[in-house]
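Below is one structure; the comments refer to it alone.
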Amino acid sequence: MNFPLLKQIFQQMWGLVVLEHRYGGRLPGPADYRSPRQYSLPFRGAWTVVNGGVTKETSHSWDIPTQRYAYDFLILDEEGRSFQGDETDPAAFYCYGQDILAPADGVVAEVLSGQPDSRITKDRKASCQARDLRGNHILLDHGQGEFSLLAHLQPDSILVTVGQQVRRGEALARCGNSGNSSEPHLHFQLQQGASFTASPGLPIPFASLDVSPAPHYARFDDRMLAKNHPDPWPPYLQVGQRAANPAPEVGL
């Protein structure tokens, strides 16, 4: 039994109680929270949002407040495939091993490395061989209470250490499949505080992006597609969109 993982799950449950007590059901959201900065996408090229948005219907995990406004990104080809070749091999996925970049200037607040990639099955059942749901991950402190989390990173790929200052667009690690993951992808979230289990998620305002509809993807649910939920907050992405920074690095 994975006891560290079991402990973390219980911590998440307790975090729900803490957040309810602290915020009384009035968690920060797009209608009332405005970030003091804009974020760049933490990768080069065009990736697709396969989970995430700012509405209950499109949310990554609406009932888990810490991950309410999180995004899962991966790369799709024009046929909507995320891999070519053996789909049980992480290296067959287009996003695997791609550089993950700092979304804004900040300081490295937390790093976990040394965790293995999780198994990939043809039915995409999520599994976790790591001692943390996030797998290998980096937490960045951007100041003014905002922290960003970059999770499911490739083993032995993290290039930064705790306390290190990083600049927007700087390479931090590579995309992997560690932690609670069904296939290689990047989990990216913004949170109000350092705690993974007791910090409310925040909507992520992106700098000017190149956005287009995603190619057909077999696991998209029609009720979740952005086209069915017009976004009243243009800076925010939603599931079903393909997005890229207008340049490899956006200096703001």
Side-chain angles (χ1 to χ4, degrees), residues 2 5 40-53 58 60-61 67 70-103 112-138 149-159 169-189 209-222 224-226 237-245 248:
N2 191 329
L5 200 62
S40 301
L41 292 168
F43 41 73
R44 300 185 183 96
W47 294 44
T48 295
V49 180
V50 293
N51 280 309
T58 62
H60 178 285
S61 305
Q67 300 178 50
Y71 292 102
D72 287 338
F73 291 100
L74 50 72
I75 298 174
L76 298 179
D77 61 24
E78 293 307 314
E79 284 70 46
R81 295 173 304 201
S82 56
F83 67 94
Q84 185 175 49
D86 180 3
E87 63 181 298
T88 64
D89 178 7
F93 289 78
Y94 301 124
C95 67
Y96 190 81
Q98 296 292 316
D99 285 340
I100 300 303
L101 315 177
L112 178 66
S113 60
Q115 305 304 299
D117 279 328
S118 295
R119 291 187 299 270
I120 306 170
T121 61
K122 292 185 177 181
D123 63 359
R124 296 296 190 273
K125 184 177 181 180
S127 64
C128 185
Q129 274 72 60
R131 60 184 177 89
D132 191 294
L133 293 166
R134 297 164 290 181
N136 302 308
H137 65 269
I138 298 170
L149 173 66
L150 305 154
H152 307 313
L153 304 174
Q154 186 181 36
D156 304 317
S157 74
I158 295 178
L159 304 173
E170 180 178 343
L172 307 178
R174 293 191 296 273
C175 183
N177 193 51
S178 58
N180 190 45
S181 179
S182 59
E183 66 178 275
H185 71 284
L186 174 68
H187 177 100
F188 176 46
Q189 70 182 53
L209 299 178
D210 294 330
V211 179
S212 60
H216 174 72
Y217 184 57
R219 285 181 292 281
F220 280 152
D221 184 331
D222 285 343
M224 297 174 65
L225 289 176
L237 288 174
Q238 293 203 50
V239 63
Q241 293 179 323
R242 173 191 269 176
N245 291 316

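Listed for the Asn136 side chain is a donor-acceptor partner under 3.5 Å among the backbone atoms of Gly114. At least one donor-acceptor pair under 3.5 Å links the side chain of Gln241 to the backbone N or O of Gln238. When atom types are taken as modelled, the side chain of Arg134 and the backbone of His187 share no donor-acceptor pair closer than 3.5 angstrom. Using modelled atom types, one side-chain atom of Ser178 and one backbone atom of Leu153 make a donor-acceptor pair closer than 3.5 Å. Panel note: side chain Gln115, backbone Arg131; a donor-acceptor pair is recorded below 3.5 Å.
Taken from CG in Leu41 to CG in Leu237, the straight-line distance is 6.0 Å, to the nearest 0.5 Å. Annotation: the span from Asn2 atom CG to Gln129 atom CD amounts to 9.0 Å, rounded to 0.5 Å. To the nearest 0.5 Å, the span separating CD on Glu170 from CG on Asp99 amounts to 11.0 Å. From His152, atom NE2 reaches atom OG of Ser182 across 8.5 Å, with rounding to the nearest 0.5 Å. The OG atom of Ser118 sits 13.0 Å away from atom NZ of Lys125, with the distance rounded to the nearest 0.5 Å. Annotation: the span from Leu5 atom CG to Leu133 atom CG amounts to 4.5 Å, rounded to 0.5 Å.
At most 12 heavy atoms of other shown residues, nucleotides or ligands fall within 6.0 angstrom of atom CG in Asp156.
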Subject >> His185 and Val50: CA distance, side-chain angles, deciding distance, side chain to side chain contact (heavy atoms under 4.5 Å, CB included) verdict >> reply: CA-CA 9 Å; His185 71 284; Val50 293; 5.6 Å; no

Original post:
side chain to side chain contact (heavy atoms under 4.5 Å, CB included) between Leu209 and Asn245: does it pass, once the steps are laid out?
Top reply: CA-CA 5 Å; Leu209 299 178; Asn245 291 316; 3.6 Å; yes

Subject >> Stepwise side chain to side chain contact (heavy atoms under 4.5 Å, CB included) check, Trp47 with Cys95 >> reply: CA-CA 8 Å; Trp47 294 44; Cys95 67; 3.6 Å; yes

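The aromatic rings of Phe188 and Phe73 are tilted relative to each other, their planes meeting at an angle between 30° and 60°.
For the residue pair Arg174 and Gly97, the shortest heavy atom distance occurs at CD-O, 3.0 Å. Residue Arg242 comes nearest to Thr48 through the heavy atom pair CB-OG1, 3.9 Å, listed as atom of the first residue, atom of the second, then distance. Considering every non-hydrogen atom in both Leu112 and Gly135, the closest pair reads CD2-O, 3.5 Å. When all heavy atoms are compared, the tightest approach of Leu74 to Ser82 is CD1-CB, 4.2 Å. Closest approach of Asn51 to His60, counting heavy atoms only: CB-CD2, 3.9 Å. Counting all heavy atoms, side chain and backbone alike, Leu150 lies closest to Pro42 at CD2-CB, 3.8 Å.
Using a 4.5 Å heavy-atom threshold, the side chains of Asp77 and Gln84 count as separate. Pro184 places a side-chain heavy atom less than 4.5 Å from the side chain of Ile120.
A donor-acceptor contact closer than 3.5 angstrom is absent between the side chains of Asn177 and Tyr96.
Electrostatic pairing of Arg81 and Glu183 does not count as a salt bridge here, judged by no charged N lying under 4.0 Å from a carboxylate O.
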